[in-house]
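Following: one structure in structure tokens, then a few remarks.
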Amino acid sequence: GAVVSQHPSWVICKSGTSVKIECRSLDFQATTMFWYRQFPKQSLMLMATSNEGSKATYEQGVEKDKFLINHASLTLSTLTVTSAHPEDSSFYICSARDGSGGKTQYFGPGTRLLVL
Amino acid sequence: GENVEQHPSTLSVQEGDSAVIKCTYSDSASNYFPWYKQELGKRPQLIIDIRSNVGEKKDQRIAVTLNKTAKHFSLHITETQPEDSAVYFCAALPGAGKSTFGDGTTLTVKP
């Protein structure tokens with residue numbers, strides 16, 4: 001099946017620094033990628049929808065200047081958490097949808113972010 | 001927008017018993033309904049999905065049923081095993097838009 005990778009798998013950073021998370025579709029072209037945040041024992045909270053070559057669409061309440069998303073190619077989307085604070089600590093998961101028209105979302109393994 | 005409600009939030013069954021998780025959705029335009037299994041600290045993995053032109057789909061011990069009129073769909077797991085223990089999420093997708101996920105069901109299968 002389709003494979004989505006995410007890097008790094010976990011990161012610890014100091015408050016005020018920025019962290020970049022990469023999401024790659026390894027064996028298919030993803031015209032659409034999604035970024036989720038997940039708190040312990042809770043559901044997936046969609047942060048933004050990323051379309052290749054265009055600006056991301058952010059969900060209500062998600063600060064676009066804080067969570068910068070770049071979908072520069074059909075296989076790569078990045079999420080940058082700028083000026084991170086402890087409350088940004090969370091599990092961030094990306095998913096990708098096959099650009100050939102499929103509806104199935106394939107999830108990355110997630111990135112656990114801890115901001116000290 | 002779409003609203004998905006999932007019940008129950010927790011479910012505990014004995015090994016060998018069946019487990020049923022139900023989701024309701026609000027947007028009649030939704031036409032794709034996947035189910036994901038997420039083990040602790042891992043990624044959600046698609047286990048089965050159903051499209052709106054089908055009423056039931058089965059894959060070994062897992063089945064999904066869809067009632068478009070009532071706008072609900074259910075996941076059925078038969079002959080449950082301890083390794084089925086995980087959090088299960090349903091989702092509804094209207095057309096080419098974004099998926100809306102349910103809040104998840106924590107399934108525990110007791111040996």
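As a basis for the values below, the full set of heavy atoms in this structure was taken, side chains included, without hydrogen atoms, waters or symmetry mates. All values derive from a computational prediction rather than experimental measurement. Just so it is clear: chains get the letters A, B, ... in the order the sequence lines come, proteins before strands, and each one is counted from 1.
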| pair S99(B)-R97(A): side-chain heavy atoms closer than 4.5 Å | yes

| task | Over all heavy atoms of both residues, which pair between F89(B) and Q38(A) is shortest? Give the atoms and the distance, please. | result | CZ-NE2, 3.6 Å

| Per-residue contact mode, P34(B) against chain A (heavy atom under 4.5 angstrom) | neither

| query | More than 12 non-hydrogen atoms from neighbouring residues, nucleotides or ligands closer than 6.0 Å to CD on E15(B), yes or no? | reply | yes

| CD (Q60(B)) with more than 12 external heavy atoms under 6.0 Å | no

| Which atom pair, heavy atoms only, marks the closest approach of G102(B) to S43(A)? | O-OG, 2.6 Å

| message | Nearest 0.5 Å, please: how far is CG in L40(B) from NZ in K41(A)? | response | 8.5 Å

| So what's closer than 4.5 Å to chain A heavy atoms on Q38(B): side chain, backbone, both or neither? | side chain

| task | With a 4.5 Å cut-off on heavy-atom pairs, point out which of T49(A), I93(A), T104(A) contacts chain B the most. | result | T104(A)

| query | In terms of hydrophobic clustering (I, L, V, M, F, W, Y; side-chain heavy atoms under 4.5 Å; direct or indirect links), are F91(A) and Y36(B) co-clustered? | reply | yes

| query | From Q105(A) CD over to D49(B) CG, what is the distance, rounded to the nearest 0.5 angstrom? | reply | 11.5 Å

| Quick one: what part of S9(B) sits under 4.5 Å from any heavy atom of chain A, side chain, backbone, both or neither? | neither

| query | Is V87(B) linked to V64(B) within one hydrophobic cluster, defined over Ile, Leu, Val, Met, Phe, Trp and Tyr using a side-chain heavy-atom separation of less than 4.5 Å? | reply | no

| About how many Å separate OG1 of T100(B) and CG of L44(A), when rounded to the nearest 0.5 Å? | 11.5 Å

| Is Y36(A) linked to Y92(A) within one hydrophobic cluster, defined over Ile, Leu, Val, Met, Phe, Trp and Tyr using a side-chain heavy-atom separation of less than 4.5 Å? | no

| said: Do I21(A) and M47(A) sit in one hydrophobic cluster, given that two such residues count as connected whenever their side-chain heavy atoms are within less than 4.5 Å of each other, even indirectly? | reply: yes

| Listed by residue number, which members of residues 107-116 of chain A have a heavy atom under 4.5 Å from any heavy atom of chain B? | F107(A), G108(A), P109(A), R112(A)

| query | What salt bridge (Lys or Arg N to Asp or Glu O under 4.0 Å) pairs are there with at least one residue in residues 64-91 of chain A, not counting sequence neighbours? | reply | K66(A)-D88(A)

| task | Please indicate whether H85(A) has more than 12 foreign heavy atoms, meaning atoms of other residues, nucleotides or ligands, lying under 6.0 Å from its NE2. | result | yes

| query | Does I47(B) belong to the same Ile/Leu/Val/Met/Phe/Trp/Tyr cluster as V13(B), with side-chain heavy atoms less than 4.5 Å apart forming each link? | reply | yes

